[in-house]
Amino acid sequence: MIVDEIDINEQIGEVGKILGSQEKKRGILIHALHQIQGDNGYLPEDVLKRLSKNLSLSLSEIYSVASFYKMFHFKPRGRKIVRVCLGTACYVRGSKKVLTTLENEFNVKNGETTEDLAMTLETVGCVGCCGLAPVSTINEDIIGEIVGEKKIETLISSIKEE
Ligand code: FES
(Lines give C-alpha, C1' and ligand atoms only; values in the text may rest on other atoms or scores of the structure.)
Protein backbone atom coordinates (compact mmCIF):
# COMPACT_ATOMS: atom_id res chain seq x y z
CA MET A 1 0.00 0.00 0.00
CA ILE A 2 1.17 3.50 -0.84
CA VAL A 3 1.46 4.54 2.82
CA ASP A 4 4.43 2.25 3.33
CA GLU A 5 6.01 2.82 -0.06
CA ILE A 6 6.12 6.56 -0.53
CA ASP A 7 9.36 7.77 -2.08
CA ILE A 8 8.99 11.52 -1.85
CA ASN A 9 11.73 12.33 -4.36
CA GLU A 10 10.27 9.95 -6.90
CA GLN A 11 6.76 11.37 -6.44
CA ILE A 12 7.77 15.00 -6.76
CA GLY A 13 10.29 14.61 -9.61
CA GLU A 14 11.93 17.71 -11.15
CA VAL A 15 9.81 20.12 -9.14
CA GLY A 16 11.40 18.65 -6.02
CA LYS A 17 14.65 20.43 -6.75
CA ILE A 18 13.16 23.80 -5.85
CA LEU A 19 11.04 22.61 -2.92
CA GLY A 20 11.99 22.17 0.73
CA SER A 21 11.35 18.80 2.34
CA GLN A 22 8.21 19.96 4.19
CA GLU A 23 6.77 21.34 0.96
CA LYS A 24 7.50 18.05 -0.79
CA LYS A 25 5.69 16.12 1.92
CA ARG A 26 2.67 18.37 1.77
CA GLY A 27 2.74 18.14 -2.01
CA ILE A 28 2.21 14.41 -2.04
CA LEU A 29 -0.14 14.34 0.93
CA ILE A 30 -3.30 14.90 -1.12
CA HIS A 31 -2.24 12.21 -3.57
CA ALA A 32 -1.65 9.80 -0.70
CA LEU A 33 -5.02 10.65 0.86
CA HIS A 34 -6.78 9.95 -2.45
CA GLN A 35 -5.00 6.61 -2.66
CA ILE A 36 -5.92 5.66 0.90
CA GLN A 37 -9.56 6.59 0.37
CA GLY A 38 -9.58 4.68 -2.92
CA ASP A 39 -8.28 1.57 -1.14
CA ASN A 40 -10.55 1.80 1.91
CA GLY A 41 -13.54 3.92 0.91
CA TYR A 42 -12.59 6.37 3.66
CA LEU A 43 -9.52 7.48 5.65
CA PRO A 44 -9.02 5.00 8.51
CA GLU A 45 -7.20 6.47 11.52
CA ASP A 46 -4.62 3.68 11.76
CA VAL A 47 -3.60 4.23 8.12
CA LEU A 48 -3.35 7.98 8.68
CA LYS A 49 -1.11 7.31 11.68
CA ARG A 50 1.21 5.25 9.49
CA LEU A 51 1.17 7.96 6.86
CA SER A 52 2.01 10.52 9.54
CA LYS A 53 5.03 8.47 10.55
CA ASN A 54 6.16 7.86 7.00
CA LEU A 55 5.93 11.52 5.99
CA SER A 56 7.04 12.88 9.37
CA LEU A 57 3.99 15.10 9.41
CA SER A 58 1.91 15.40 12.55
CA LEU A 59 -1.42 13.59 12.58
CA SER A 60 -3.17 16.89 13.29
CA GLU A 61 -1.58 18.41 10.20
CA ILE A 62 -2.85 15.52 8.11
CA TYR A 63 -6.35 15.84 9.57
CA SER A 64 -6.25 19.58 9.04
CA VAL A 65 -5.49 19.16 5.32
CA ALA A 66 -7.90 16.25 4.82
CA SER A 67 -10.81 17.94 6.57
CA PHE A 68 -10.44 21.02 4.35
CA TYR A 69 -11.71 18.96 1.41
CA LYS A 70 -15.28 17.72 1.36
CA MET A 71 -14.32 14.69 -0.72
CA PHE A 72 -12.45 13.01 2.14
CA HIS A 73 -14.35 10.94 4.67
CA PHE A 74 -13.24 9.78 8.10
CA LYS A 75 -15.87 7.12 8.70
CA PRO A 76 -16.85 4.06 6.63
CA ARG A 77 -19.38 4.89 3.94
CA GLY A 78 -22.33 2.94 2.63
CA ARG A 79 -22.29 0.84 -0.52
CA LYS A 80 -24.98 3.19 -1.81
CA ILE A 81 -24.56 6.92 -1.40
CA VAL A 82 -28.01 8.50 -1.43
CA ARG A 83 -28.16 12.25 -1.86
CA VAL A 84 -31.35 14.25 -1.49
CA CYS A 85 -31.20 17.55 -3.31
CA LEU A 86 -32.16 20.47 -1.11
CA GLY A 87 -31.50 23.12 -3.77
CA THR A 88 -34.21 25.75 -4.21
CA ALA A 89 -36.13 24.06 -7.04
CA CYS A 90 -36.17 20.73 -5.21
CA TYR A 91 -36.87 22.27 -1.82
CA VAL A 92 -39.98 24.12 -2.99
CA ARG A 93 -41.22 20.90 -4.60
CA GLY A 94 -40.96 18.92 -1.36
CA SER A 95 -37.46 17.45 -1.07
CA LYS A 96 -37.41 18.07 2.70
CA LYS A 97 -40.24 15.54 2.98
CA VAL A 98 -38.21 13.06 0.92
CA LEU A 99 -35.27 13.53 3.28
CA THR A 100 -37.41 13.05 6.40
CA THR A 101 -39.03 9.94 4.92
CA LEU A 102 -35.63 8.40 4.14
CA GLU A 103 -34.29 9.31 7.59
CA ASN A 104 -37.22 7.55 9.21
CA GLU A 105 -37.19 4.55 6.88
CA PHE A 106 -33.48 3.83 7.29
CA ASN A 107 -33.10 5.13 10.84
CA VAL A 108 -30.25 7.50 9.96
CA LYS A 109 -29.86 11.26 9.94
CA ASN A 110 -28.41 13.36 7.16
CA GLY A 111 -24.69 12.53 6.91
CA GLU A 112 -24.99 9.15 8.61
CA THR A 113 -24.47 5.59 7.38
CA THR A 114 -26.66 2.61 8.22
CA GLU A 115 -25.12 0.07 10.63
CA ASP A 116 -24.92 -2.59 7.91
CA LEU A 117 -23.06 -0.09 5.65
CA ALA A 118 -25.77 -0.52 3.02
CA MET A 119 -26.26 3.22 2.53
CA THR A 120 -25.11 6.68 3.46
CA LEU A 121 -27.65 9.49 3.42
CA GLU A 122 -26.52 12.96 2.42
CA THR A 123 -27.91 16.19 1.05
CA VAL A 124 -26.67 18.22 -1.89
CA GLY A 125 -27.21 21.79 -3.11
CA CYS A 126 -28.19 21.14 -6.73
CA VAL A 127 -27.39 18.32 -9.12
CA GLY A 128 -28.25 20.28 -12.25
CA CYS A 129 -31.57 18.57 -13.00
CA CYS A 130 -33.90 21.23 -11.59
CA GLY A 131 -36.51 20.45 -14.26
CA LEU A 132 -36.97 17.04 -12.61
CA ALA A 133 -37.35 18.45 -9.08
CA PRO A 134 -37.48 17.08 -6.48
CA VAL A 135 -34.43 14.99 -7.26
CA SER A 136 -32.35 12.42 -5.37
CA THR A 137 -29.39 10.38 -6.49
CA ILE A 138 -28.34 6.82 -5.70
CA ASN A 139 -24.64 6.62 -6.46
CA GLU A 140 -24.50 7.93 -10.06
CA ASP A 141 -28.21 7.38 -10.85
CA ILE A 142 -30.60 10.30 -10.82
CA ILE A 143 -34.16 9.76 -9.60
CA GLY A 144 -36.42 12.68 -10.46
CA GLU A 145 -39.96 13.88 -9.79
CA ILE A 146 -40.16 12.21 -6.40
CA VAL A 147 -43.68 13.39 -5.72
CA GLY A 148 -46.31 11.28 -3.97
CA GLU A 149 -46.20 8.10 -1.93
CA LYS A 150 -45.70 5.76 -4.88
CA LYS A 151 -42.60 7.54 -6.13
CA ILE A 152 -41.08 7.67 -2.65
CA GLU A 153 -41.74 3.92 -2.25
CA THR A 154 -39.99 3.31 -5.58
CA LEU A 155 -37.02 5.35 -4.34
CA ILE A 156 -36.89 3.34 -1.10
CA SER A 157 -37.07 0.04 -3.01
CA SER A 158 -34.23 1.14 -5.29
CA ILE A 159 -32.10 1.98 -2.25
CA LYS A 160 -32.84 -1.42 -0.68
CA GLU A 161 -32.14 -3.33 -3.89
CA GLU A 162 -28.84 -5.24 -3.72
S1 FES B 1 -32.24 22.31 -7.13
FE2 FES B 1 -32.34 20.15 -7.13
S3 FES B 1 -31.55 19.62 -9.05
FE4 FES B 1 -31.32 21.76 -9.00
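Note that ligands are numbered from 1 as they come in the structure, with each ligand's atoms numbered from 1 the same way. Any value given below was found using the heavy atoms of this structure, including those in side chains, with hydrogens, waters and symmetry copies removed. Numbering of residues begins at 1 and proceeds along the displayed sequence.
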Please table the atom pairs, donor to acceptor, closer than 3.5 Å between any side-chain atom in residues 155-162 and protein atoms at least two apart or in another chain.
from : atom 1 : to   : atom 2 : distance (Å)
S157 : OG     : E153 : O      : 3.0
S158 : OG     : T154 : O      : 2.9
K160 : NZ     : E105 : OE2    : 2.6

Counting neighbours of NZ on K96 that are heavy atoms of other residues, nucleotides or ligands and sit closer than 6.0 Å, is the number greater than 12? no

What side-chain donor-acceptor pairs closer than 3.5 Å can you find for residues 82-93, not counting sequence neighbours?
from : atom 1 : to   : atom 2 : distance (Å)
R83  : NE     : E122 : OE1    : 2.9
R83  : NH2    : E122 : OE1    : 3.3
R93  : NH1    : A133 : O      : 2.8

Going by side chain to side chain donor-acceptor pair (under 3.5 Å), name the residues that satisfy it together with N139, two or more places apart in sequence or in a different chain. none

Do the side chains of T114 and L121 get nearer than 4.5 Å, heavy atoms only? no

Check which protein N, O or S atoms are less than 2.8 Å from atom 2 (Fe) of ligand 1 and report how many there are. 2

Reported CG-to-CG distance for the pair N110 and L102, which is rounded to 0.5 angstrom: 10.5 Å

